[in-house]
Student: 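What follows is a single structure, and I will ask about it in a moment.
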Amino acid sequence: SGHIAARRHLPRHFILGQVPSHHNVSVSPNVRPHMTTVQHTAQNRIVELIQSGRAELALSLLHRHLREQPRDWYALYMSGVAFRALGRLDEAVVRLSEAISAKNDEAPVHLALGIALQLSGKIESAIPSLLAAIKLKPDLYEAYNSLGITYKRLGRYKEAIDTYDQGIE
């Protein structure tokens, strides 16, 4: 299909809503089984570049791919992750929104958008994305954590506690 296959989990520091470390990105190896060797190699290369602090090069490769396949949700998603790693949060929000527009049923993309919005200071705007991630994948515990952080930053402490309790259940 030409699509770069999806990973099921985000880099750990993205999930936890922490300020990104350009050199400490870990990504789960879960990939879709129908992925071709070429796709697998390309995906691994992108992840390795972001993990090694070379997100600019990853973006270059992703942009080249997106010129040929502009609606490839996973490439849009990884572009958002790369922009986030570079601290370019507004661009991350745009790419992650485009990824959701292309394929709106991927919980990790909603989670990544929520965290990017949260980190860019659009804290209230992060809530719908984080709730969407939870609705799509109720066992995505990182979404509960990020939503709890969001509520806490808004001073909505009861909702933060309730969210953490839901994540534990």
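Numbering of residues begins at 1 and proceeds along the displayed sequence.
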Student: Determine whether a donor-acceptor pair (N or O, by modelled atom type, separation under 3.5 Å) exists between the side chain of S52 and the backbone of L49.
Tutor: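 Yes, S52 side chain to L49 backbone: donor-acceptor pair under 3.5 Å.
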Student: So do the side chains of T163 and N145 get within less than 4.5 Å of each other, counting heavy atoms only?
Tutor: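 No, side chains not in contact.
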Student: Once you round to the nearest 0.5 Å, how far does NE2 of H110 lie from OG of S97?
Tutor: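 Separation between the atoms: 10.0 Å.
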Student: Would a hydrophobic clustering, with Ile, Leu, Val, Met, Phe, Trp and Tyr connected at side-chain separations under 4.5 Å, put W73 with V47?
Tutor: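 Cluster IDs for W73 and V47 match.
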Student: Measure the CZ-CD1 distance between R84 and I50 for me, rounded to the nearest 0.5 Å.
Tutor: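 Reported to 0.5 Å precision, the distance equals 11.5 Å.
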Student: In the structure I gave you, are the side-chain heavy atoms of L154 and K152 within less than 4.5 Å of one another anywhere?
Tutor: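 Not in contact.
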Student: Where is the tightest heavy-atom contact between G148 and A160, given as atom of each residue plus distance?
Tutor: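 Closest approach of G148 to A160: O-CB, 3.5 Å.
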Student: Is the side chain of Y164 donor-acceptor paired with the backbone N or O of E159 at a distance under 3.5 Å, no angle test?
Tutor: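 No, because the side chain of Y164 does not come within donor-acceptor range (under 3.5 Å) of the backbone of E159.
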Student: For the hydrophobic clusters of this structure (ILVMFWY residues joined by side-chain heavy atoms under 4.5 Å, transitively), does one cluster hold both I100 and L66?
Tutor: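 No, separate clusters.
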Student: A side-chain contact here means heavy atoms from C-beta on lying under 4.5 Å apart; do L57 and R54 qualify?
Tutor: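 SC-SC contact between L57 and R54 confirmed.
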Student: Working to the nearest 0.5 Å, report the span between CD of E91 and CG of L96.
Tutor: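 That separation rounds to 11.5 Å.
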Student: Using the rule side chain to side chain contact (heavy atoms under 4.5 Å, CB included), only one of L59, V94, I46 pairs with S79; which is it?
Tutor: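 Going through L59, V94, I46 one by one, the side chain to side chain contact (heavy atoms under 4.5 Å, CB included) with S79 is satisfied by L59 alone.
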Student: Locate the shortest heavy-atom distance separating A143 from L111; write the atom from each residue and the value.
Tutor: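 In terms of heavy atoms, the two residues are closest at CA-CD1, 3.6 Å.
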Student: Is the shortest distance from a Lys or Arg side-chain nitrogen in D90 or R88 to a carboxylate oxygen in the other one below 4.0 Å?
Tutor: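 Salt bridge between D90 and R88, a charged N being under 4.0 Å from a carboxylate O: no.
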Student: Quick check for you: to the nearest 0.5 Å, what is the distance between Q166 atom CD and I168 atom CD1?
Tutor: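 With rounding to 0.5 Å, CD (Q166) is 10.5 Å from CD1 (I168).
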Student: How far does CD1 of I115 sit from OG of S120, to the nearest 0.5 angstrom?
Tutor: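 Going from the CD1 atom of I115 to the OG atom of S120 covers 12.0 Å.
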Student: What is the minimum heavy-atom distance between L86 and A55, and which atoms define it?
Tutor: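 Distance-wise, the nearest heavy atoms are CG-CB, 3.7 Å.
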Student: For a quick test of your reading: what N or O donor-acceptor pairs under 3.5 Å do the side chains of residues 124-136 make, sequence neighbours left out?
Tutor:
unit_1, atom_1, unit_2, atom_2, d
E124, OE2, R156, NH1, 3.2

Student: Tell me whether V81 shares a hydrophobic cluster with L61, the cluster being built from Ile, Leu, Val, Met, Phe, Trp, Tyr side chains joined at under 4.5 Å.
Tutor: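 The answer is yes; both residues are in one hydrophobic cluster.
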Student: Could you walk me through whether L89 and F83 satisfy the side chain to side chain contact (heavy atoms under 4.5 Å, CB included) test, starting with their C-alpha distance in whole Å, then the side-chain angles of each, then the deciding distance to 0.1 Å, before giving a yes or no?
Tutor: CA-CA 7 Å; L89 297 174; F83 279 126; over 6 Å; no
Student: Run the side-chain hydrogen bond (donor to acceptor under 3.5 Å, both in side chains) check on E106 and Y74 step by step: do they pass?
Tutor: CA-CA 10 Å; E106 290 291 331; Y74 187 76; over 6 Å; no
Student: Distance from I149 atom CD1 to E142 atom CD, nearest 0.5 Å?
Tutor: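 If we round to the nearest 0.5 Å, I149:CD1 and E142:CD are 11.0 Å apart.
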Student: Would I123 end up clustered with L147 when hydrophobic side chains under 4.5 Å apart are linked, directly or stepwise?
Tutor: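 They do share one cluster, since a chain of ILVMFWY contacts under 4.5 Å joins I123 to L147.
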Student: Can you get from M78 to V109 by hopping between Ile, Leu, Val, Met, Phe, Trp and Tyr side chains that sit under 4.5 Å apart?
Tutor: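 Looking at the clustering, V109 is in the same group as M78.
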